[in-house]
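Residues: numbered from 1 along the sequence shown. Both counts, for ligands and for their atoms, begin at 1 and track the order of listing. Everything quoted here is computed from the prediction, not taken from an experiment.
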Amino acid sequence: MRTGSCLCGSIRYAVKGPIGPVDHCHCSMCRRAHGAPFSTFGRIRRSDLELTAGAELLTGYASSEAVVRSFCARCGSRLFFRHAALPEHEFVTTESLDDAAGIEPEAHIFVGSKASWYTITDALPQHEGYPFGDD
Ligand SMILES: [Zn+2]
Ligand SMILES: [Zn+2]
């Protein structure tokens with residue numbers, strides 16, 4: 001089981017199942033929301049996610065009709081992402097995990113909207129959008 005938290009430590013969570021696939025997302029909304037050239041999320045089963053502290057501070061923002069991004073209302077850390085097309089899944093930011101040992105990103109997604117100044121230098125596959133699967 002993996003655990004994670006926001007920066008201020010108010011929100012804590014546990015993931016009781018596997019995490020993956022893990023992708024680097026270069027979409028314009030992740031870039032703005034995270035203030036970074038890409039975000040890194042791992043897919044989990046929603047039923048495997050347990051909030052163990054601070055649930056009252058978890059705030060959702062619908063960045064589009066299909067997407068809700070959740071973050072800590074106190075410190076702003078981005079924790080989760082859900083997409084209406086994947087109702088059984090949730091995505092967790094790998095950098096909010098307490099220990100990300102063994103987490104292996106598999107691909108870059110939404111590279112069509114990548115930051116112009118950022119050059120992808122690894123050999124991972126690059127996708128224009130999100131390769132939806134129903135795993
Ligand atoms: Zn926080
Ligand atoms: Zn994105």
Side-chain angles (χ1 to χ4, degrees):
M1 186 179 74
R2 290 184 190 267
T3 57
S5 78
C6 61
L7 179 60
C8 76
S10 299
I11 298 174
R12 299 205 51 80
Y13 66 89
V15 179
K16 299 177 288 181
I19 299 178
V22 174
D23 295 311
H24 299 305
C25 185
H26 296 261
C27 84
S28 60
M29 287 189 277
C30 279
R31 288 166 48 214
R32 194 174 292 276
H34 293 252
F38 58 86
S39 66
T40 306
F41 281 101
R43 189 159 73 165
I44 62 172
R45 293 221 152 252
R46 196 168 289 177
S47 55
D48 286 339
L49 178 63
E50 185 187 344
L51 288 176
T52 52
E56 70 283 357
L57 284 171
L58 188 67
T59 305
Y61 172 67
S63 58
S64 71
E65 268 183 39
V67 169
V68 175
R69 297 168 182 272
S70 299
F71 56 93
C72 173
R74 180 171 292 155
C75 69
S77 298
R78 275 109 226 311
L79 297 172
F80 312 117
F81 173 106
R82 62 174 57 178
H83 195 292
L86 293 166
E88 313 235 306
H89 294 94
E90 189 85 27
F91 295 80
V92 58
T93 53
T94 58
E95 303 319 293
S96 65
L97 292 168
D98 293 325
D99 179 2
I103 294 284
E104 296 281 354
E106 292 181 21
H108 294 272
I109 61 174
F110 291 100
V111 295
S113 29
K114 176 177 90 50
S116 58
W117 56 268
Y118 182 76
T119 303
I120 297 171
T121 56
D122 60 42
L124 296 176
Q126 299 182 21
H127 301 286
E128 283 295 314
Y130 183 76
F132 281 100
D134 56 10
D135 143 52

Contact between [X] and [Y] at the side-chain level, heavy atoms closer than 4.5 Å - yes or no?
X	Y	result
Phe91	Leu86	yes
Tyr118	His26	yes
Phe41	Cys30	yes
His89	Arg82	no

Could you pull out every donor-acceptor pair under 3.5 Å between side chains of residues 122-129 and any protein atom, sequence neighbours left out?
| from | atom 1 | to | atom 2 | distance (Å) |
| --- | --- | --- | --- | --- |
| Asp122 | OD1 | His108 | NE2 | 2.9 |
| Asp122 | OD1 | Leu124 | N | 3.1 |
| Asp122 | OD2 | His108 | NE2 | 3.0 |

Tell me which donor-acceptor pairs under 3.5 Å the side chains of residues 3-25 have, and how far apart each pair is, sequence neighbours excluded?
| from | atom 1 | to | atom 2 | distance (Å) |
| --- | --- | --- | --- | --- |
| Thr3 | OG1 | Asp98 | OD2 | 2.6 |
| Ser5 | OG | Arg12 | NH1 | 3.4 |
| Ser10 | OG | Arg74 | NH1 | 2.8 |
| Arg12 | NH2 | Asp98 | OD2 | 2.7 |
| Tyr13 | OH | Ser96 | OG | 2.6 |
| His24 | ND1 | Thr40 | OG1 | 2.8 |

* Asked: For the Zn ion (ligand 1), how many protein N, O or S atoms come closer than 2.8 Å?
  -> 4
* Asked: Which atom pair, heavy atoms only, marks the closest approach of Phe71 to Gly76?
  -> CB-O, 4.0 Å
* If you group Ile, Leu, Val, Met, Phe, Trp and Tyr by side-chain heavy-atom gaps below 4.5 Å, do Ile44 and Leu79 land in one group? ->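 Linked, Ile44 and Leu79 end up in one cluster.
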* **Protein N, O or S atoms lying under 2.8 Å from the Zn ion (ligand 2), listed by chain and number** =>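 Short answer, with waters excluded from the count: Cys25 SG, Cys27 SG, Cys30 SG.
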* So, does Arg69 use its side chain to make a donor-acceptor pair with the main chain of Ala62 at under 3.5 Å? ->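 Not confirmed, Arg69 side chain does not pair with Ala62 backbone.
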